[in-house]
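What follows is one structure encoded as structure tokens, with my remarks underneath.
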Amino acid sequence: MYSINIVAYYVDLVLTWLTYYATFIYANFREFAWVVKCAAISLTLSIALIIVCLVRVFFVWLKRRRWSRVEHKLEKRFSEPIHYILSVDAKPNMSRNEVMEALNLSNSDLNSRTLLKNYREKLAFARLVYKARIAENAVLGRKGNLHVLLEIFRVQDFLEEIVNRDKLNMKVEALHMLRAFKVPINPWISNQLMNAKRVRVRRLTMYAAVMSNSNADLDYFESQFFDENCCIYDEIQLGYALSRRRSSKRKIPNLAHWAYMQKNPGTQCIFVRLMRMFEQRDYCSELEEFFQHNSDKQLIEEISRTWGYLHYEEGENLLAEMLLTQPDETKVAIMHAITRIGTGRHLGALVDGYTNSGDPSVRLEALRCIYNYGDEGREKFEELETKAQTDVEKSFFEFFHNPITLKTIPLSDHDAYRPLFGNNLYGVD
């Protein structure tokens, strides 16, 4: 950080040179027209800017060259041993001496100032360990080896120092590394970052805390924290943190309650989707008020999908009651949910969905739901087919019996209830 005196010195220096330049132009171009004076000033400033840009490019190139040298040196020396220590081939829970032996280090090497002697080398080493941690051959069972490795090189202390003092992009990178290393963040630093000016830093701190905090220490997450600029990136990060939490045998909090705490329907949809990702059927009853007293069709669709995926039979009556009051797109999600729950009590609601919709795609989905609604649904489907009189209705059944249509795709297929980004969106090793 520059002190006030240094900043004042450079400001004064710039003003002095600007004054000198203006005086020089005035003295030497006094007799020339204003066009010539403006051209001289523009040319001189352009040359000055080109020189500044060239100097900037040179220093950037020099900095990258130094970084590449440091990274190459550390990779050549430590990359292979680190990957081995974190791989399945290594002994689990290696001791400090065993890790140092694998790294070909002695105590004198650690005490000397030639090993990770500056900020650049420490950061490059932390990145090297991070890459090895997320590599395909790294396994969860070698977490003990990882922590010994971090302790030997004091990586955690260095990253916490970055989080506490460095620039925003470096804070975010350091937090990502700490999360990947599964180390608890200093509570003082965590509380400080939770009050940062940038939303990105605050949220990343929260995700790290969600992943690592104890079962009882989640009260301050129950707020409207996610309402501001929440997007798919936040859903991925939160899902990742909760997956890590589950893999560590920690309790997954009540996501329905988190959804209730939000005001933005888009944010509420994120928590409802996460409920089915983590199979929180016990909390489905808390979504009934949302379903009954909400006008956002996207939220109603997500609740319907979640109830259907989790086979929440208690919500089937609400689904049947709400079916005909919803727009066509929402009807499809509700009919799918009723079919997936499959108690056999609401075949009539599916028939109503077929007869009371003007959208051909919705009517075809209704037929698919009826067809997959057990033996009774199959009989109803055949009855509707024999009663089809108009050319439009007959075309529905002709299209449905085509082997390449939706008839061959069962509603039990989970892909429709997973994110569009793949089933492994939240999965972690």
Side-chain angles (χ1 to χ4, degrees), residues 230-232 235 255-256 259 262-277 284 287-312 315-342 346-373 377 380-381 384 390 392-393 395-397 399-400 402 404-423 425:
C230 196
C231 61
I232 186 62
E235 180 178 357
L255 297 174
Q262 312 307 315
K263 300 299 181 184
N264 184 353
T267 308
Q268 293 170 343
C269 289
I270 289 177
F271 287 102
V272 173
R273 280 195 294 270
L274 288 172
M275 283 184 66
R276 63 178 181 264
M277 295 302 119
C284 282
L287 299 177
E288 292 181 3
E289 184 178 355
F290 270 154
F291 191 79
Q292 287 180 290
H293 307 290
N294 199 289
S295 59
D296 187 81
K297 65 178 184 179
Q298 184 181 2
L299 181 57
I300 293 176
E301 290 174 16
E302 290 298 344
I303 293 175
S304 301
R305 295 188 185 103
T306 298
W307 283 355
Y309 182 80
L310 299 177
H311 297 278
Y312 180 61
E316 192 178 25
N317 290 334
L318 278 177
L319 290 168
E321 292 173 5
M322 295 283 287
L323 176 60
L324 296 182
T325 65
Q326 301 301 315
D328 287 338
E329 314 90 75
T330 311
K331 286 179 183 177
V332 173
I334 294 177
M335 289 188 295
H336 280 204
I338 292 174
T339 309
R340 285 178 62 84
I341 295 173
H346 292 285
L347 177 59
L350 300 178
V351 176
D352 290 340
Y354 169 72
T355 58
N356 291 279
S357 177
D359 189 331
S361 62
V362 176
R363 299 192 71 181
L364 281 171
E365 286 294 333
L367 283 177
R368 189 158 77 101
C369 291
I370 295 171
Y371 185 87
N372 286 279
Y373 204 68
K380 191 65 179 179
F381 178 88
L384 292 172
T390 65
V392 175
E393 289 181 339
S395 66
F396 287 154
F397 292 95
F399 181 79
F400 189 83
N402 191 311
I404 65 171
T405 59
L406 297 175
K407 176 183 176 180
T408 58
I409 304 177
L411 288 177
S412 58
D413 192 341
H414 290 189
D415 288 343
Y417 298 86
R418 293 290 181 180
L420 298 177
F421 309 95
N423 290 341
L425 175 62

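In this chain, residues are counted from 1 in sequence order. Heavy atoms only: backbone and side chains are in, while hydrogens, waters and symmetry mates are out.
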Are Phe381 and Tyr373 near enough that their ring centres are under 6.0 Å apart? no
Of all heavy-atom pairs linking Pro327 and Lys297, the shortest is CG-CD, 4.2 Å
Supply the atom-to-atom distance Asn372 CG to Met335 CE, rounded to the nearest 0.5 angstrom. 12.5 Å
Looking at Thr330 and Gln326, would you say the former's side chain and the latter's main chain have a donor-acceptor pair under 3.5 Å? no
Phe397 vs Leu367 side-chain heavy atoms within contact, under 4.5 Å: yes
Side-chain heavy atoms of Phe290 within contact of Asp296, under 4.5 Å: no
Rounded distance [0.5 Å steps], CD in Glu365 versus CD1 in Ile334: 13.5 Å
Roughly how far, to the nearest 0.5 Å, is the CH2 atom of Trp307 from the CD1 atom of Ile338? 11.0 Å
So, does His336 use its side chain to make a donor-acceptor pair with the main chain of Gly308 at under 3.5 Å? no
Do NZ/NE/NH1/NH2 and the carboxylate oxygens of Glu302 and Arg276 come within less than 4.0 Å? yes
For the residue pair Tyr312 and Leu287, establish whether any side-chain heavy-atom pair is separated by less than 4.5 Å. no
In terms of heavy-atom contacts, Ser304 and Ala337 come closest through O-CB, 3.1 Å
Does the cation-pi check pass for Arg363 over Tyr354, that is, NZ or CZ under 6.0 Å from the six-membered ring centre and within 45° of its axis? yes
How many angstroms lie between CD1 in Ile270 and CG in Leu299, if you round to the nearest 0.5 Å? 11.5 Å
Please name the pair of heavy atoms, one in Leu319 and one in Ile341, separated by the smallest distance, quoted to 0.1 Å. CD1-CD1, 3.9 Å
Gap between atom CG of Asn294 and atom CD1 of Ile303 - 0.5 Å precision: 6.5 Å
Rounded distance [0.5 Å steps], SG in Cys284 versus CE in Met275: 4.5 Å
Is a donor from one side chain sitting under 3.5 angstrom from an acceptor on the other, for Ser357 and Asp359? no
Contact between His346 and Leu323 at the side-chain level, heavy atoms closer than 4.5 Å - yes or no? no
For the residue pair Arg273 and Arg305, establish whether any side-chain heavy-atom pair is separated by less than 4.5 Å. no
